[in-house]
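Following: one structure in structure tokens, then a few remarks.
Each ligand, and each atom within it, is numbered from 1 in the order the structure gives. Residues: numbered from 1 along the sequence shown. Every heavy atom of this structure was used, including side-chain atoms; hydrogens, water molecules and symmetry mates were not.
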Amino acid sequence: MANVKVPKLPTIRRLPTYLYKLSEMRKAGVEIVATPELARYMNLGEIVIRKDLALTGVSGQPGVGYKVRELIEAIKSYLNWDNVSEAILVGAGSLGSALMGYEGFEEYGLRIIAAFDADPAKIGTEVRERSVFDIDRLEELTRRLQVRMGIICVPADQAQDVADRMVAGGIKAIWNFANVSLKVPDDVIVQREVIAGGLAVLSVKMSRKLVEEDSQE
Ligand SMILES: NC(=O)c1ccc[n+]([C@@H]2O[C@H](COP(=O)([O-])OP(=O)(O)OC[C@H]3O[C@@H](n4cnc5c(N)ncnc54)[C@H](O)[C@@H]3O)[C@@H](O)[C@H]2O)c1
């Protein structure tokens, strides 16, 4: 797999949260946002906020704040989300259906255009208004549609086979939700996603908080 080094990963992970807040503000007609307001929302210090946003090339006006619209454009441009990327998804089960049903991805530059599955009961149906194709057609259709991004939502023991098919179909970026590491050629990027990682952090924070509360009693 391509060993792409990305600086400022924690900042990059926070940028969608800024984007969400800023989009809500824009919808509400807000034109300027002050750093303290963003700091409260993000639960971070104002210095961190300024550093985060400086990464996008935008600096706020001292004593005034940031122009909401300008900041939205800068964040989208930095994340390369100003051009919508089309993706295919494999595994139209619980998780895959939920991802396809999330309309917010378009805001984040991702459009899932089709799904693939191995279950004859699902092939030929529509899930969340996307056609579900036979997995055996993945290479052919992906090439024809010239899609570069693939999302894996199959059981872990099927994920490598699906990744191989994606690579054969010309996919260059894989968002992998199956909890397994994948072997892919050097020119393919894989991002492995584990929702339970966030839950683990929450659980540890919760248990520490409970211990602190117990010791105060
Ligand atoms: N990363 C996370 O945080 C996270 C969260 C939830 C689930 N998951 C993982 O996502 C995957 C899917 O979970 P789910 O709950 O949606 O399961 P599910 O059983 O509801 O869906 C899996 C789908 O994959 C299809 N499938 C199986 N083998 C296939 C193959 N070779 N080719 C094409 N399609 C195939 C099945 O027919 C089914 O529709 C699992 O690996 C699960 O562990 C990850």
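With a 4.5 Å cut-off on side-chain heavy atoms, E126 and M100 do not count as touching. Two residues are said to be in side-chain contact when any heavy atoms from C-beta on lie closer than 4.5 Å; Y41 and M25 fail this criterion.
Salt bridge absent: K183 and D164 never bring a charged side-chain N and a carboxylate O closer than 4.0 Å.
Here CG of L141 is found 9.0 Å from CD1 of I113. Values are rounded to the nearest 0.5 Å. A distance of 12.0 Å separates CZ in R128 from CG in L89, rounded to the nearest 0.5 Å. The distance from atom CD1 of I152 to atom CG of N176, rounded to the nearest 0.5 Å, is 5.0 Å. The structure places CD1 of I75 at 5.5 Å from CG of L19, a figure rounded to the nearest 0.5 Å. Taking CG of L44 as the start and OH of Y18 as the end, the distance is 5.5 Å to the nearest 0.5 Å. Rounding to the nearest 0.5 Å places CZ of F177 at 6.5 Å from CD1 of I151.
In this structure, atom 1 (N) of ligand 1 has a protein heavy-atom contact shorter than 4.0 Å. There is a protein heavy atom less than 4.0 angstrom from atom 34 (N) of ligand 1. Atom 17 (O) of ligand 1 is not flagged as protein-proximal [any protein heavy atom, distance under 4.0 Å].
W175 and Y108 have their aromatic ring centers separated by at least 6.0 angstrom.
Interface atoms of ligand 1 facing A156, defined by a heavy-atom separation under 4.0 Å, are 41 (O). Those atoms of ligand 1 with a heavy atom of A178 less than 4.0 angstrom away are 41 (O). Ligand-side atoms of ligand 1 in range of I195: 1 (N), 2 (C), 3 (O), 5 (C), range being under 4.0 angstrom from any heavy atom. Within ligand 1, counting atoms from 1 as listed, the ones closer than 4.0 Å to a heavy atom of K122 are 38 (C), 39 (O). Close approach of ligand 1 to G93 (heavy-atom distance below 4.0 Å) involves ligand atoms 16 (O), 20 (O), 21 (O), 23 (C), 39 (O). Listed by number with element, the atoms of ligand 1 under 4.0 angstrom from any heavy atom of V194 are 1 (N), 3 (O).
Looking from atom 4 (C) of ligand 1 to the surrounding protein, the closest heavy atom is F177 O, 3.8 Å. At the top of the distance list for atom 41 (O) of ligand 1, counting protein heavy atoms only, stands V154 O, 2.7 Å. For atom 31 (N) of ligand 1, the nearest protein heavy atom (residue, atom name, distance) is Q158 OE1, 2.8 Å.
The shortest N/O to N/O separation between V162 and ligand 1 does not fall below 3.5 Å. In terms of N/O distances under 3.5 Å, ligand 1 is not approached by I135.
Among all heavy-atom pairs drawn from A159 and A178, the shortest one is CB-CB, 3.7 Å.
Of the candidates L138, D117, L95, D119, it is D117 that places a heavy atom closest to atom 36 (C) of ligand 1. Of the listed residues (A118, A196, P155), the one carrying the non-hydrogen atom nearest atom 27 (C) of ligand 1 is P155. Between atom 15 (O) of ligand 1 and the options S94, C153, A98, the minimum heavy-atom separation is to S94.
Within the structure, the closest approach of D161 to ligand 1 does not fall below 4.0 Å when heavy atoms are considered.
When heavy-atom distances to ligand 1 are checked against a 4.0 Å cut-off, E193 comes that close only through its backbone atoms N, CA, C and O. Only side-chain heavy atoms of V90 come within less than 4.0 Å of ligand 1; its backbone N, CA, C and O stay farther off.
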